[in-house]
Amino acid sequence: MNLPPLHRAAALALLAALGLGGVAGCSPADSAPRTAEVRKSAPDVSPAPSGTASATSASTSTSTSTSTDIGWIQLMTPMNQQAVKLLTLAAERAAEPRVRAFADRLRTGHEAELNRLRPLLTRMGLPLTDVHAGHDMPGMVTEQDLEAAHAAEGPALDRLVLARIRDHLRQSAQVSRSEITAGGRADARELARALVAAREGFLAELERLPGAVRALG
């Protein structure tokens with residue numbers, strides 16, 4: 001994993017705590033790499049010159065964040081970003097109207113979460129970049145997944161979306177529970193609680209959707 005030392009340590013600490021380390025947790029993807037860029041709506045963040053008030057504030061914010069806080073938010077943000085791409089496609093093209101409506105509401109919820117995750121990244125003094133780009137992370141919607149979804153039609157698309165989104169919801173809830181129990185920042189733990197509650201509700205709904213039994217086994 002070719003990450004700066006702080007980012008690498010934070011990610012590995014979180015993944016190890018969840019039992020997701022090693023090849024399954026973070027390894028170079030064999031498929032097309034995920035996009036390393038954040039959504040265009042997110043502002044660029046440049047390091048402040050050393051000695052400035054901004055630099056001091058960023059340093060303080062980072063120093064008060066534990067490795068779990070850092071690992072969680074640097075994983076959760078791209079997980080949401082990638083899921084939004086698949087949900088956008090599903091909201092437009094899923095064969096079953098209830099699946100389209102579900103995808104649209106889940107996309108809206110994920111975008112609202114991103115509007116809280118990105119400012120938290122900034123408060124923590126972290127860049128708005130995907131430090132996991134090109135790594136095989138559990139629960140992450142990959143570029144290969146998106147290509148398969150674009151090529152699929154009808155019920156096959158619905159099954160693909162349901163399977164990938166269930167995995168995403170489960171894994172993102174799992175890492176968020178780790179943040180709740182082991183994170184050091186109150187604002188991060190509060191957001192993690194909100195994410196877990198939302199995912200539990202959406203998972204229950206997803207499993208009742210038409211085609212879910214066949215798609216999820």
Side-chain angles (χ1 to χ4, degrees), residues 1-39 42 65-90 106-107 109-111 113-114 116-118 120-121 124 126-150 160-183 188 191-192 195-196 198-200 202-203 206 216:
M1 188 191 319
N2 298 321
L3 305 179
L6 177 61
H7 297 163
R8 185 164 66 95
L12 290 178
L14 180 62
L15 293 170
L18 297 171
L20 299 176
V23 175
C26 187
S27 61
D30 294 330
S31 59
R34 303 183 192 96
T35 177
E37 298 179 356
V38 297
R39 291 164 60 88
S65 304
T66 67
S67 60
T68 299
D69 297 324
I70 295 171
W72 170 73
I73 195 166
Q74 289 190 321
L75 180 58
M76 186 57 58
T77 305
M79 284 183 79
N80 265 28
Q81 289 170 175
Q82 290 295 105
V84 163
K85 296 177 183 179
L86 181 58
L87 292 167
T88 298
L89 176 65
L106 184 54
R107 175 185 59 184
H110 273 41
E111 288 174 338
E113 290 173 358
L114 285 168
R116 297 180 67 184
L117 287 163
R118 291 177 181 131
L120 181 55
L121 272 168
M124 292 170 66
L126 299 169
L128 295 176
T129 52
D130 179 0
V131 301
H132 294 295
H135 302 135
D136 186 9
M137 308 298 295
M140 186 83 76
V141 174
T142 66
E143 293 301 317
Q144 188 175 35
D145 292 333
L146 294 171
E147 290 173 4
H150 278 287
L160 185 154
V161 168
L162 291 174
R164 295 296 178 270
I165 291 302
R166 183 182 70 166
D167 185 46
H168 161 74
L169 291 171
R170 283 181 167 180
Q171 293 291 343
S172 56
Q174 185 178 0
V175 296
S176 293
R177 291 188 187 99
S178 179
E179 168 62 24
I180 292 168
T181 58
L191 180 51
L195 266 60
V196 169
R199 275 146 183 72
E200 288 175 345
F202 277 116
L203 276 168
L206 182 150
L216 308 176

Determine the minimum heavy-atom distance between L117 and W72, stating which atoms define it.
CD2-CH2, 4.0 Å
Where do A148 and L160 come nearest, in terms of heavy atoms and distance?
CB-CD1, 3.7 Å
Over all heavy atoms of both residues, which pair between S176 and V196 is shortest? Give the atoms and the distance, please.
CB-CG2, 3.5 Å
Identified side chain to side chain contact (heavy atoms under 4.5 Å, CB included) partner of L114 from the options R116, H110, R118:
R118
For R177, what residues pass the side-chain hydrogen bond (donor to acceptor under 3.5 Å, both in side chains) criterion, not counting sequence neighbours?
E200
Looking at side-chain heavy atoms only, is the closest gap between L146 and L89 below 4.5 Å?
no
Working note: M79 + Q171, criterion side-chain contact (heavy atoms from CB on, under 4.5 Å); need CA distance, chi angles, decisive distance, verdict.
CA-CA 9 Å; M79 284 183 79; Q171 293 291 343; 4.1 Å; yes
Taking all non-hydrogen atoms of both residues, which atom of A192 and which atom of E179 are closest, and how far apart?
CB-CG, 3.7 Å
side-chain contact (heavy atoms from CB on, under 4.5 Å), that's the test. Do L75 and M137 meet it? Break it down for me.
CA-CA 9 Å; L75 180 58; M137 308 298 295; 3.7 Å; yes
Show, in sequence, the C-alpha distance, side-chain angles and deciding distance for L206 and I165, and conclude whether the side-chain contact (heavy atoms from CB on, under 4.5 Å) test is met.
CA-CA 9 Å; L206 182 150; I165 291 302; 3.9 Å; yes
Ignoring hydrogens, what is the shortest heavy-atom contact between R199 and S172? Give both atom names and the distance.
NE-OG, 2.6 Å
Before giving the answer on side-chain contact (heavy atoms from CB on, under 4.5 Å), spell out for N80 and H168 the whole-Å C-alpha distance, their side-chain angles and the decisive distance to 0.1 Å.
CA-CA 9 Å; N80 265 28; H168 161 74; 4.0 Å; yes
How would you list, by chain and number, every residue that makes a side chain to side chain contact (heavy atoms under 4.5 Å, CB included) with A90, sequence neighbours excluded?
A103, V161
Sequence-distant partners of D69, side-chain hydrogen bond (donor to acceptor under 3.5 Å, both in side chains), two or more places apart:
T66
